[in-house]
There are 2 protein chains.
Amino acid sequence: MCVEELEWGAMRPLVHPAIEEVTVEAILHALSDPVRVAIFAEIVGQECTQKCSSFVPVGGEAIPKSTLSQHFRVLREAGLIRGERRGVEMHNVSRYVEVDQMYPGLLAAIGQAHTLQVGRAAKAAKKSGKKTK
Amino acid sequence: MCVEELEWGAMRPLVHPAIEEVTVEAILHALSDPVRVAIFAEIVGQECTQKCSSFVPVGGEAIPKSTLSQHFRVLREAGLIRGERRGVEMHNVSRYVEVDQMYPGLLAAIGQAHTLQVGRAAKAAKKSGKKTK
DNA sequence: TTCAATAGTTCAGGAATTATGAACTATGTG
DNA sequence: CACATAGTTCATAATTCCTGAACTATTGAA
């Protein structure tokens, strides 16, 4: 045990910005990563809360848990989700409603754009004779 | 002059993705930087074309021209603007209409969110007794 | 209480990306 | 031609991102 530094690797409580602190820049940055959009979409989709490790990427290989943890942190600190310890695991809820009050239509537009993009990609893949990869 | 490598620092023609190649991810990434949003807003605002160096940041210090050049490249390669040489200078036009056909409402929502954010920041600054910085 | 298991965080370093001064290209004008 | 202007490209420094290893926190036995 580390005696000299009592406050060291101590797990700080999760950071959640107040809704007025949420910036467009941070939201766009958070959602400009495909893994994070997928995570966020899943959390918004399920209305019940989601634990971190329940996320499995669609086609690709597994994502290391330290990386996942960072992705969740970015989403939290952008104000898009709220994480809360529930026993040994973490439960994440979307802050969609709050954010939508702050920036009406922003998340809806981004979500719709992603849906369109995925739909077009699927169509293009079918046409060229290949499915997912 | 460099004799050995004829094709070296040769300036390649500007890259512009076809509109179907434009991804939501690239758009969000491009617009998640305050300097780039400001540039894009200015190009969309003026309906006439804009040369690169006519951009001056609002409150901050001048941005080096190599950095500006990279920002324009990111916007171009995201499909948000089109750059075209006109004599010695470069003219930039927005591809707003094309992108809006691809992803209806996306750019409008982002623009509106930014407007809201700037408005709120101004109001907060006035309340706390300070103007810009 | 102590040990083990589970879920996620933090740290350290390397990988990847971004910023920028210096050198260069490209075009227009004496 | 030389020179000026506008922007790009290169090289490298600064920054951010990814990830294995070590850690914290909580639960559930033994």
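Lettering follows sequence order; numbering is per chain, from 1.
Here the rule is side-chain contact (heavy atoms from CB on, under 4.5 Å) with Leu28(B), and of Leu28(A), Val37(A), Asp33(A), Ile27(A) only Leu28(A) fits it.
Taking atom CE of Met90(A) as the reference point, atom C1' of dT6(C) lies 14 Å away to the nearest angstrom. What separates CD of Glu84(A) from C1' of dA7(C) is a distance of 15 Å, to the nearest Å. Atoms CG (Leu68(A)) and P (dT9(C)) sit 10 Å apart, rounded to a whole Å. Distance, Met11(A) CE to dG8(C) P: 11 Å, rounded to whole Å. Taking atom NZ of Lys65(B) as the reference point, atom C1' of dA26(C) lies 12 Å away to the nearest angstrom. Atom CD of Glu61(B) is separated from atom C1' of dG21(C) by 16 Å (rounded to the nearest Å). When rounded to the nearest whole Å, the span between CD of Glu25(B) and P of dC17(D) equals 14 Å.
Comparing Pro13(B) and Glu89(B), the nucleotide of DNA chain D nearest to each residue sits closer to the 5' end for Glu89(B). Nearest-nucleotide positions on DNA chain C for Gln70(A) and Ser66(B) put Gln70(A) closer to the 5' end.
Taking 4.5 Å as the limit, some side-chain heavy atom of Ile43(A) sits within range of a side-chain heavy atom of Phe72(A).
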Verdict with supporting geometry, Tyr103(B) and Gln117(A), side chain to side chain contact (heavy atoms under 4.5 Å, CB included): CA-CA 8 Å; Tyr103(B) 301 114; Gln117(A) 175 170 287; 3.2 Å; yes
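In this structure, the side-chain hydrogen bond (donor to acceptor under 3.5 Å, both in side chains) partners of Arg73(A), at least two apart in sequence or on a different chain, are Gln70(A), Glu77(A).
Checked against dA26(C), dT20(C), dT9(C), the side chain of Arg85(B) finds its nearest nucleotide in dA26(C). In this structure, the nucleotide among dA6(D), dT24(D), dT9(D) sitting nearest to the side chain of Val88(B) is dA6(D).
Considering every non-hydrogen atom in both Gly79(A) and Val22(A), the closest pair reads CA-CG2, 3.9 Å. Heavy-atom minimum distance, Pro17(A) versus Arg76(A): CD-O, 3.4 Å.
Side-chain N/O atoms of Thr67(B) include one lying less than 4.0 angstrom from OP1 or OP2 on dT20(C). Listed pair Arg76(B) / dT8(D) meets the phosphate criterion, a side-chain N or O lying under 4.0 Å from OP1 or OP2. Contact annotation: Arg12(B) reaches the phosphate of dC10(D) (side-chain N/O to OP1 or OP2, under 4.0 Å).
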Can you check nucleotides 15-18 of chain C for protein contacts, nitrogen or oxygen pairs under 3.5 Å, and list what you find?
from    : atom 1 : to       : atom 2 : distance (Å)
dT18(C) : OP1    : His29(B) : NE2    : 2.9

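Checked by distance alone, Ser69(A) brings no side-chain donor or acceptor within 3.5 Å of a matching partner on the base of dG8(C).
The list of salt bridge (Lys or Arg N to Asp or Glu O under 4.0 Å) pairs with a residue in residues 91-117 of chain B, not counting sequence neighbours, reads Arg82(B)-Glu98(B), Arg95(B)-Glu98(B).
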